[in-house]
Amino acid sequence: MREDGGNLIAETAARLRERDRERIAGLIARMFRLHDDLSPFYRRIASDEQLSWAAGGAGRLLSSPTVFEDVVKTICTTNCAWSATIRMTTALVERGGGAFPEPQVLAETPDAWYRDVARMGYRGSYVKSIAGDVAGHALDLESLLPARGRSDDEVEEVLLALPGVGPYAAAHVMQLLGRHRYLVLDSWTRPAYLRLAKKKRAADATIRRAFARYGEHAGLAFWLFLTRDWVEPTPP
DNA sequence: CGTCCAGGTCTAC
DNA sequence: GGTAGACCTGGACGC
């Protein structure tokens with residue numbers, strides 16, 4: 001995939017059937033949030049001292065092709081260093097033969113693989129359990145996409161019910177779903193907020209209150225506030 | 001070598 | 001509904 005004059009170009013050496021071409025285009029559209037309409041948010045921050053810089057088009061968080069993949073990867077970020085997250089997700093992709101494995105594959109993968117190869121610790125049984133439910137159609141994670149019309153609260157409830165998914169992981173997955181109301185609060189975002197807001201300490205409730213004015217985009221506003229220097233190296 | 005903890009969650013009070 | 005304690009792993013750190 002590459003960018004060319006404002007267009008996103010996806011190429012493959014494979015010869016695709018029309019049907020597969022459309023399916024893949026749909027997955028890419030999801031990954032790059034091409035259907036998300038952030039214009040209300042951009043209007044909201046147009047004259048915002050902290051966030052007006054983002055109104056030019058920032059805020060489309062890259063997601064995985066499927067919600068299932070985002071959920072599993074997010075579980076692999078919990079309670080471990082980033083290097084461990086990379087190790088676990090790399091092992092999963094190897095298990096999938098170069099692509100992220102289908103739920104069916106992970107459901108049938110032996111416990112010993114999770115333990116000894118991916119070194120996923122207690123997360124292994126969580127992932128295997130979720131994969132089994134998705135493969136067996138007892139759980140439809142793709143139904144959490146915004147297009148399916150569920151409320152944020154309903155989606156959060158489904159996510160929190162998953163093993164290994166708590167408040168942090170649910171908020172994180174929801175950001176990737178284009179549901180931007182909730183703040184991702186973890187051991188990286190909390191100190192980052194204190195540093196940028198020049199505060200000594202702040203309870204979670206206090207941080208949420210500081211971003212409540214962005215309404216359904218509060219979580220996105222929080223994330224952009226924290227990552228401004230990823231886009232603009234030297235903020236004034 | 002032991003302790004702590006990293007982009008938390010679960011269970012048991 | 002709120003809060004200790006346990007939990008896989010492995011890199012960082014103090015001794």
Side-chain angles (χ1 to χ4, degrees), chain A residues 31 58-64 67-95 100-101 106-107 109-134 139 141 144 153 155-197 199 201-211 218-231:
Chain A
M31 291 170 66
R60 292 176 192 276
L61 312 181
L62 182 67
S63 74
S64 301
V67 182
F68 171 70
E69 182 173 335
D70 278 333
V71 167
V72 172
K73 283 176 171 172
T74 298
I75 289 174
C76 292
T77 68
T78 59
N79 195 27
C80 65
W82 190 249
S83 58
T85 299
I86 293 172
R87 186 192 67 244
M88 289 184 265
T89 52
T90 300
L92 287 165
V93 169
E94 284 173 2
R95 183 69 186 169
F100 197 84
L106 290 183
T109 293
D111 295 353
W113 182 89
Y114 287 101
R115 186 183 61 239
D116 303 331
V117 179
R119 314 291 295 171
M120 290 178 67
Y122 62 84
R123 298 171 198 79
S125 61
Y126 295 159
V127 168
K128 184 168 179 174
S129 164
I130 293 171
D133 287 347
V134 172
L139 175 65
L141 291 177
L144 305 183
D153 285 346
V155 168
E156 186 190 37
E157 188 181 340
V158 171
L159 291 171
L160 290 177
L162 301 174
V165 176
Y168 150 77
H172 187 274
V173 170
M174 288 180 74
Q175 288 300 311
L176 299 180
L177 285 167
R179 297 175 180 274
H180 297 299
R181 182 177 294 276
Y182 305 132
L183 279 61
V184 176
L185 292 162
D186 61 30
S187 64
W188 183 81
T189 61
R190 290 187 184 98
Y193 174 75
L194 295 181
R195 174 173 57 83
L196 293 166
K199 294 183 186 299
R201 54 185 304 169
D204 288 354
T206 307
I207 301 176
R208 287 198 189 88
R209 208 176 309 129
F211 287 85
L220 184 58
F222 180 54
W223 185 251
L224 290 170
F225 178 75
L226 299 182
T227 60
R228 176 178 188 168
D229 61 358
W230 293 8
V231 182

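Scope of the values below: all heavy atoms of this structure, side chains included, with no hydrogens, waters or symmetry mates. Proteins get letters first, then strands, A, B, ... in listed order; numbering begins at 1 in each.
On the P atoms, C:dC15 is 14 Å away from B:dC5, given to the nearest whole Å. A distance of about 24 Å separates the P atoms of B:dC1 and C:dC8, rounded to the whole Å. On the P atoms, C:dG1 is 25 Å away from B:dG8, given to the nearest whole Å. Rounded to the nearest Å, the gap between the C1' atom of B:dG7 and that of C:dA4 is 23 Å.
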Please write out each protein N/O paired with an N/O of nucleotides 5-7 of chain C under 3.5 Å, distance rounded to 0.1 Å.
none

Please write out each protein N/O paired with an N/O of nucleotides 10-14 of chain C under 3.5 Å, distance rounded to 0.1 Å.
| residue | atom | partner | partner atom | Å |
| --- | --- | --- | --- | --- |
| C:dG10 | OP1 | A:Arg119 | NE | 3.1 |
| C:dG10 | OP2 | A:Arg119 | NH2 | 3.2 |

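Sorted by first and then second residue, the pairs that involve residues 162-179 of chain A and meet salt bridge (Lys or Arg N to Asp or Glu O under 4.0 Å), not counting sequence neighbours, are A:Asp152-A:Arg179. The salt bridge (Lys or Arg N to Asp or Glu O under 4.0 Å) analysis of residues 73-92 of chain A, with sequence neighbours excluded, yields the pairs A:Glu69-A:Lys73. Applying the ring pair (Phe, Tyr, Trp, His ring centres under 6.0 Å) rule to pairs touching residues 156-175 of chain A yields A:Tyr168-A:His172, sequence neighbours excluded.
Atom CZ of A:Arg119 and atom CE of A:Met88 lie 11.5 Å apart (nearest 0.5 Å). Note: A:Ile207 CD1 to A:Lys199 NZ = 9.5 Å, rounded to the nearest 0.5 Å. Between A:Trp230 atom CH2 and A:Trp223 atom CH2 the span is 4.0 Å, to the nearest 0.5 Å. In this structure, CG in A:Leu177 is found 9.0 Å from CG in A:Leu141, a value given to the nearest 0.5 Å.
Counting only distance, with no hydrogens or angles, the side chain of A:Thr206 and the backbone of A:Ala202 share no donor-acceptor pair below 3.5 Å. Looking at A:Arg123, its side chain does come within 3.5 Å of a backbone N or O of A:Met120 through a donor-acceptor pair. A:Glu94 contributes no side-chain N or O that, together with a main-chain N or O of A:Thr89, makes up a donor-acceptor pair within less than 3.5 Å. Under the 3.5 Å distance criterion, the side-chain polar atoms of A:Thr85 are matched with a main-chain donor or acceptor of A:Cys76.
In the 5' to 3' direction, nucleotides of DNA chain B lying under 4.0 Å from heavy atoms of chain A begin and end at B:dA6 to B:dC10.
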Where do A:Tyr122 and A:Asn79 land on the side-chain contact (heavy atoms from CB on, under 4.5 Å) test, with the steps shown first? CA-CA 11 Å; A:Tyr122 62 84; A:Asn79 195 27; 3.2 Å; yes

Worked check of side-chain contact (heavy atoms from CB on, under 4.5 Å) between A:Phe100 and A:Val72: CA-CA 10 Å; A:Phe100 197 84; A:Val72 172; 3.7 Å; yes

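Under the side chain to side chain contact (heavy atoms under 4.5 Å, CB included) criterion, A:Ser129 pairs with A:Asp133, A:Pro163, sequence neighbours left out. A:Arg95 meets the side-chain hydrogen bond (donor to acceptor under 3.5 Å, both in side chains) test with A:Thr109; sequence neighbours excluded.
For the pair A:Leu162 and A:Val184, both in contact range of DNA chain B, the more 5′-proximal nearest nucleotide belongs to A:Val184. Of the two residues near DNA chain B, A:Tyr126 and A:Asp186, the one whose nearest nucleotide lies more 5' is A:Asp186.
As rounded to whole Å, 13 Å separates atom P of C:dC8 from atom CE of A:Met88.
For DNA chain B, the residues of residues 163-179 of chain A within the heavy-atom distance limit of 4.0 Å (strictly under) are A:Pro163, A:Gly164, A:Val165, A:Gly166, A:Pro167, A:Tyr168, A:Ala169, A:His172, sorted by number. Taking a 4.0 Å limit (strictly below) on heavy-atom distances, residues 68-76 of chain A does not reach DNA chain B anywhere.
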When Watson-Crick pairs (N1 to N3 and N6-O4 or O6-N4) and G-U wobble pairs (N1-O2 and O6-N3) count only below 3.5 Å on both distances, what is the dot-bracket string of DNA chain B, with | for other-strand pairs? ||||||.||||||

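Taking both residues in full, the closest heavy atoms of A:Val71 and A:Leu162 are given as CG1-CD1, 4.0 Å, listed atom of the first, atom of the second, then distance. In terms of heavy atoms, A:Ser63 sits closest to A:Asp70 at CB-OD2, 3.5 Å.
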Hey, can you pull the donor-acceptor pairs under 3.5 Å for the side chains in residues 111-118 of chain A, sequence neighbours left out?
| residue | atom | partner | partner atom | Å |
| --- | --- | --- | --- | --- |
| A:Asp111 | OD1 | A:Lys128 | NZ | 2.9 |
| A:Tyr114 | OH | A:Leu106 | O | 2.6 |

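No contact: A:Thr189 has no heavy atom under 4.0 Å from any strand.
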